[in-house]
Structures are given as C-alpha cells and as structure tokens.
Amino acid sequence: MSTDIFGQGVNIAELLDAPNAEVLAKNIVNGVLARSILVYASAAERSATMTGAAAPVEGMHCYLKDTKRLYEYHGSVWRQVSSLTQQGSVNMSWSNANQATANVTFPFAYSSAPAVFTNIATGTGTVSRWSSRAYNTSTTGFTVLLYAPDPAILSSGAAVPVQWFASLN
C-alpha cells in the first residue's frame, strides 16, 4: 500500500495488493474522516465513541451539537476553537426624549448570558452624538438603550438602525 500525495497518511491500495474491497473502503473512509470535522451530540458521546483505534489524535476537530461549538484536540485535551456568535439589528424610534429602549430576542438561546455589543449605525442631527449599550442581558435576549450625551437636551429619532453582536466564549 502507498499513502496519499498530501502526506496525511491515508492508505491507498496499489494494483499489486491483494483485492479486498472492505480494507480499501475502510482505509479511505477512516483516513478521510479522521481529518474531517466529526459531529457528536455531546462531549460524553464523543468520549464514548473515540476509544481504542478510534482514539483522538492531535489536530483532530469535532463539532458538539449541545454547545454548538467547534473543538480541536491538542494531544491530551479538546480545546474550544470557536465562539458562539449571533448578530442583528433593530430599528428604534422615539419622540422628544433623552433616551430610548428596545427589547431584542436572540434568534436562538444561549446556554448562558453572552457579551453583547451595540452600535448606532446611522443618526442625523443630535442623534449622531447619542450612545448605545446593552443591559438586562439573558440567554434569550437583551435590552438596548440609546441615550443622549446631555440629558437636558431632548430629541426625536425615526427608524434609527442599531446593530448588535452577541458572543459566548
């Protein structure tokens, strides 16, 4: 048998090898899968499956459905290599006020409260000097707050887009 041209150690049958379709298929499938992103329901399922000849080797990657995250094997431990992120925007309107709020619901719930960042995408006049922040952050959403730099100055805004980004490491 020879190996692949990429130096990845995938065994490939040669013409002089004894014909064996099962060995041929297993060598190709196992060689490719070990270098793919494996998918498991949870870390427990991953641990139960990856034993013996299927034990993980350094550089393997897997995705866990329960955490919705990608992991890489570092010789003795699986390390998370991706954050769980979501983003979106909400249009906000208000009249004669120095602040405005809106509730935002995440497209899907997090396992714990994420960090949320907000940005006023555009604003004209006095609204261009306003700021934004998130508060009351939970696993399912947050409240966005827009506020004037000077509470004594009231203004109005119509369909002001506020972008948001949420991340859970």
Side-chain angles (χ1 to χ4, degrees), residues 29-30 32-169:
V29 169
N30 292 339
V32 171
L33 282 179
R35 288 149 183 87
S36 301
I37 296 175
L38 306 169
V39 179
Y40 297 100
S42 65
E45 179 186 12
R46 177 184 65 199
S47 295
T49 304
M50 299 188 83
T51 62
V57 295
E58 190 166 355
M60 280 186 156
H61 289 83
C62 77
Y63 176 82
L64 299 183
K65 292 179 183 178
D66 62 347
T67 63
K68 296 180 176 57
R69 294 197 185 137
L70 183 65
Y71 297 83
E72 181 178 12
Y73 192 69
H74 286 264
S76 61
V77 64
W78 287 96
R79 292 192 182 139
Q80 175 185 317
V81 295
S82 66
S83 297
L84 182 57
T85 62
Q86 299 181 60
Q87 62 188 19
S89 65
V90 59
N91 288 331
M92 296 181 63
S93 300
W94 65 94
S95 278
N96 201 30
N98 62 10
Q99 68 178 14
T101 61
N103 292 319
V104 175
T105 302
F106 297 130
F108 59 88
Y110 285 96
S111 58
S112 61
V116 179
F117 307 91
T118 63
N119 176 59
I120 301 172
T122 61
T124 58
T126 57
V127 175
S128 65
R129 294 189 312 266
W130 280 42
S131 296
S132 68
R133 72 177 187 90
Y135 72 100
N136 287 340
T137 304
S138 72
T139 59
T140 58
F142 66 98
T143 301
V144 62
L145 168 68
L146 301 186
Y147 55 97
D150 181 353
I153 299 174
L154 304 179
S155 65
S156 297
V160 174
V162 178
Q163 301 163 328
W164 59 267
F165 177 83
S167 178
L168 183 64
N169 289 328

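One is the number of the first residue; the rest follow in order along the sequence.
For the pair R46 and Y73, the NZ or CZ position fails the cation-pi test of under 6.0 Å to the six-membered ring centre and within 45 degrees of the ring normal.
Using a distance-only test at 3.5 Å, with no hydrogens or angles considered, no donor-acceptor pair links the side chain of Y40 to the main chain of S42. For the pair T140 (side chain) and A109 (backbone), a donor-acceptor distance under 3.5 Å is absent.
Annotation: side chain of L64 is not in contact with side chain of W78 (no heavy-atom distance under 4.5 Å). Counting heavy atoms from C-beta outward, S111 and T67 have side chains that stay 4.5 Å or more apart. For the pair F117/R133, no side-chain contact is recorded, criterion being any heavy-atom separation below 4.5 Å from C-beta on. By the 4.5 Å heavy-atom criterion applied to side chains, L38 and M50 are counted as neighbours.
Within 6.0 Å of atom CD1 in I37, 12 or fewer heavy atoms from other residues, nucleotides or ligands are found, so the atom counts as exposed in its surroundings.
Here CD of Q80 is found 4.5 Å from CZ of R69. Values are rounded to the nearest 0.5 Å. In this structure, CG on L168 lies 6.0 Å from CG on L84, to the nearest 0.5 angstrom. The SG atom of C62 sits 10.5 Å away from the CD atom of E72 when rounded to the nearest 0.5 Å. Annotation: the span from T105 atom OG1 to F142 atom CZ amounts to 9.5 Å, rounded to 0.5 Å.
Across N98 and L154, no two heavy atoms sit closer than the pair N-CD2, 3.7 Å. Considering every non-hydrogen atom in both P107 and Q86, the closest pair reads CD-OE1, 2.7 Å. Taking all atoms of both residues into account, the shortest heavy-atom contact from T139 to A113 is CG2-N, 3.8 Å. The two atoms that bring M92 and T101 nearest to each other are CE-C, 3.5 Å, heavy atoms only. Between S167 and P114 the shortest heavy-atom distance is O-CB, 3.4 Å. Here the shortest heavy-atom pairing between W130 and S155 reads CZ2-OG, 3.1 Å.
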Step-by-step side chain to side chain contact (heavy atoms under 4.5 Å, CB included) determination, L145 to Y135: CA-CA 7 Å; L145 168 68; Y135 72 100; 3.7 Å; yes
Residue pair S156, N96: steps toward the side chain to side chain donor-acceptor pair (under 3.5 Å) verdict: CA-CA 5 Å; S156 297; N96 201 30; 5.6 Å; no
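Applying side-chain contact (heavy atoms from CB on, under 4.5 Å) to V162 and the options N119, N91, L146 leaves one that passes, L146.
Taking Y110 as the reference, F106 meet the ring pair (Phe, Tyr, Trp, His ring centres under 6.0 Å) condition, with sequence neighbours excluded.
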